[in-house]
Trainee: 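Here you go, one structure.
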Protein chains: 2
Amino acid sequence: MPRRSFQHAPEGVRRQDLINATLDCIAEQSLQGATVRQIALRAGVTAGLIRYYFPGKDELVHAAYRETMNRMTGQAKALADDHAHREKATPRQHLEFFVKTSLSPPVVDARTLSLWASFVSLIHVDPEMAEIHKESYLAFRNEVERLIAAVFADEGRPAPKAELARSAIAINAIIDGLWLEGCLAGDIFGENDLVAIGIKAVNAVLKPREDNQP
Amino acid sequence: MPRRSFQHAPEGVRRQDLINATLDCIAEQSLQGATVRQIALRAGVTAGLIRYYFPGKDELVHAAYRETMNRMTGQAKALADDHAHREKATPRQHLEFFVKTSLSPPVVDARTLSLWASFVSLIHVDPEMAEIHKESYLAFRNEVERLIAAVFADEGRPAPKAELARSAIAINAIIDGLWLEGCLAGDIFGENDLVAIGIKAVNAVLKPREDNQP
DNA sequence: CGGCTATTTATGCAATTGTATAATTTCAGC
DNA sequence: GCTGAAATTATACAATTGCATAAATAGCCG
């Protein structure tokens with residue numbers, strides 16, 4: 001009885017295939033559907049191979065979480081930077097591009113939400129997941145803070161460290177929230193509705209403190 | 001060999017016990033830890049009983065999801081209404097109370113986030129979960145819309161239906177997002193930081209269209 | 001207090017799970 | 001072409017899963 005034939009995959013690609021297969025499984029069938037056998041099937045290998053590349057299934061899920069967050073932040077940043085560079089944008093426009101890319105496809109996407117929610121549900125269960133969350137959260141927020149600092153500098157506005165951090169946290173929260181809403185109820189938002197709301201809210205948060213009146 | 005003794009539970013309480021036990025399991029160990037045996041253990045009964053009260057485990061999870069969302073919206077609304085009533089608040093203040101209660105404990109809570117994320121991860125897997133999401137989302141948004149309509153009426157401002165819906169969607173998104181952020185990174189927000197950001201952003205969205213400048 | 005029904009426990013089962021281990025195949029270097 | 005290490009498959013296993021069924025208990029109505 002001959003075994004099925006196979007090939008040695010080049011450096012790193014098998015590992016990446018397994019991560020991608022894991023993401024497919026989680027997105028389509030939730031964590032409970034992401035079994036070693038299903039994952040292996042999707043990746044076109046057999047289940048045992050998973051433990052050749054990862055100590056266990058948990059570590060594969062950790063890698064999948066990292067991958068997801070890196071993709072999200074990476075996409076938002078790359079698209080915004082590119083756009084800003086082409087149009088020789090002011091720092092304020094650059095920030096708005098970032099808001100826009102964060103609130104448009106492919107960052108806003110139902111599948112990504114399913115993945116994200118699955119991972120978040122493990123944050124209080126698995127300490128390593130909590131660590132990954134913390135890291136990826138800070139990576140995104142630092143990006144926001146850099147953009148805000150540039151705006152303040154460009155507009156000759158004093159930027160005390162605390163004020164900067166406060167703004168970054170607030171804007172990060174607004175982007176996250178609108179992102180969530182866009183993924184959850186994508187169909188009710190037109191092309192740029194979400195972006196318009198986001199920019200309006202971000203500008204409100206960036207205003208100096210005094211004018212809190214409606 | 002005598003069996004363990006037991007009591008007949010009064011109308012509905014056993015069912016509720018099972019739902020609560022399910023929520024405990026999901027919050028502490030994620031969906032994968034919410035097995036019929038674990039749930040039964042928590043509820044102080046044996047596993048078979050679950051299928052006396054529910055057709056299957058899936059339906060128990062559905063009930064747990066409904067319960068979670070009803071509690072969240074219910075708490076936010078009840079606390080805000082109560083507060084507004086005591087202080088004879090204006091509609092605008094009432095809306096701000098609603099933002100405040102939505103962005104404070106017990107609505108903002110790490111455990112609730114774990115539950116919510118677990119359920120959301122099933123929305124694209126299980127059509128019934130999608131339906132529950134839709135219903136609970138609309139229930140919350142309608143509440144927001146009612147509050148906004150009162151603000152517009154009170155301030156003698158025209159409130160075309162489309163404008164009202166647009167504002168409700170936007171404000172709902174902002175509240176959801178800040179709620180998310182508060183649950184995820186609760187420790188970095190002071191008592192009222194989140195509320196302040198929320199009210200600022202909500203007011204910005206409520207402003208008439210013209211002034212979009214920073 | 002005796003019986004009847006709703007409630008609850010107990011047990012078993014086939015399917016699935018992650019992991020461990022051994023056997024096989026591929027392929028780069030000689 | 002050989003050879004040996006690296007990559008992959010195959011099989012087995014104990015544990016766990018949701019569910020079905022049968023037996024037992026509780027407690028209300030008469």
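Labels below follow one simple rule: chain letters A, B, ... track the order of the sequence lines, proteins then strands, and each chain is numbered from 1. This structure is a prediction, so every number in the text was calculated from the model and none was measured.
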Trainee: How many whole angstroms separate atom CG of Leu49(B) from atom P of dA20(D)?
Mentor: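 Nearest whole value for this atom pair: 15 Å.
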Trainee: Could you give the CD1-to-C1' distance, from Ile39(B) to dT16(D), as a whole number of Å?
Mentor: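 After rounding, the gap between these two atoms is 14 Å.
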Trainee: I need the residues from residues 6-19 of chain A with at least one non-hydrogen atom less than 4.0 Å from DNA chain C; give them sorted by number, or say none.
Mentor: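 Phe6(A), Gln7(A), His8(A), in order of number.
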Trainee: Could you state the CZ-C1' distance from Arg4(A) to dA10(D), rounded to the nearest angstrom?
Mentor: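 The distance from CZ of Arg4(A) to C1' of dA10(D) comes to 11 Å, rounded to the nearest Å.
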Trainee: Taking atom types as they are modelled, is there a donor-acceptor pair under 3.5 Å from the base of dG18(D) to the side chain of Arg51(B)?
Mentor: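 When only heavy-atom distances are counted, Arg51(B) does not reach the base of dG18(D) through any donor-acceptor pair under 3.5 Å.
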Trainee: Separation of Ile50(B) atom CD1 from dT9(C) atom C1', in whole Å?
Mentor: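 Those two atoms, CD1 and C1', are 13 Å apart.
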Trainee: On DNA chain D, check which nucleotide each of Ser5(B) and Gly44(A) is closest to and give me the residue with the more 5' one.
Mentor: Gly44(A)
Trainee: Sort and list the pairs that fulfil salt bridge (charged side-chain N to carboxylate O under 4.0 Å, His left out) and have at least one residue in residues 125-138 of chain A, not counting sequence neighbours.
Mentor: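 Non-adjacent pairs meeting salt bridge (charged side-chain N to carboxylate O under 4.0 Å, His left out): Arg66(A)-Glu128(A).
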Trainee: May I ask you to say what Tyr53(A) touches in the nucleic acid, namely base, sugar-phosphate or nothing, with a heavy-atom cut-off under 4.0 Å?
Mentor: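 The answer is sugar-phosphate, as Tyr53(A) gets under 4.0 Å only of primed atoms, P, OP1 or OP2.
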Trainee: Counting N and O atoms only, with roles assigned by atom type, does the side chain of Glu59(B) sit under 3.5 Å from a partner on the main chain of Gly56(B), one being a donor and the other an acceptor?
Mentor: yes
Trainee: Between dA23(C), dC19(D), dT17(C), which one does the side chain of Arg37(B) approach most closely?
Mentor: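 Between dA23(C), dC19(D), dT17(C), the one nearest the side chain of Arg37(B) would be dC19(D).
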Trainee: So, for Phe152(B) and Glu163(B), which heavy atoms are closest and what is the spacing to 0.1 Å?
Mentor: CE2-CG, 4.0 Å
Trainee: Can you tell me the distance, in whole Å, between the CZ atom of Phe54(A) and the P atom of dA7(D)?
Mentor: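 Answer to the nearest Å: 14 Å.
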Trainee: Evaluate Asp176(B) against Arg141(B) for salt bridge (charged side-chain N to carboxylate O under 4.0 Å, His left out), listing each step before the verdict.
Mentor: CA-CA 10 Å; Asp176(B) 278 9; Arg141(B) 209 184 79 193; over 6 Å; no
Trainee: Which whole-number value in Å describes the distance from Leu41(B) CG to dT8(C) C1'?
Mentor: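 Answer to the nearest Å: 16 Å.
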Trainee: Roughly how many Å is it from NZ in Lys57(B) to P in dG18(D), rounded to a whole number?
Mentor: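 Answer to the nearest Å: 4 Å.
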Trainee: Which part of the nucleic acid does Thr35(A) contact within heavy-atom distance under 4.0 Å: base, sugar-phosphate only, or nothing?
Mentor: sugar-phosphate
Trainee: Sub-3.5 Å donor-acceptor pair from the side chain of Trp179(B) to the main-chain atoms of Ser102(B), do we have one?
Mentor: no
Trainee: Are Lys161(B) and Glu145(B) close enough for a salt bridge, meaning some N to O gap below 4.0 Å?
Mentor: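 A salt bridge is absent here (no side-chain N lies under 4.0 Å from a carboxylate O).
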Trainee: Considering heavy-atom distances to DNA chain D, does Gln32(A) or Tyr52(A) have its closest nucleotide positioned more toward the 5' end?
Mentor: Tyr52(A)
Trainee: Kindly assign one of parallel, tilted or perpendicular to the pair His83(B) and Phe97(B), based on the angle between their ring planes and the thresholds 30° and 60°.
Mentor: parallel
Trainee: Counting only heavy atoms not in Lys100(B), do more than 12 sit closer than 6.0 Å to its NZ atom?
Mentor: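 Atom NZ in Lys100(B) is not crowded, with 12 or fewer foreign heavy atoms closer than 6.0 Å.
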Trainee: Are His133(B) and Val120(B) side-chain neighbours, meaning at least one heavy-atom pair lies under 4.5 Å?
Mentor: no
Trainee: Rounded to whole angstroms, how far apart are CD on Gln38(A) and P on dT17(D)?
Mentor: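 That distance rounds to 19 Å.
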Trainee: Going by number, which of residues 117-131 of chain B have a non-hydrogen atom under 4.0 Å from DNA chain C?
Mentor: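 The answer is none.
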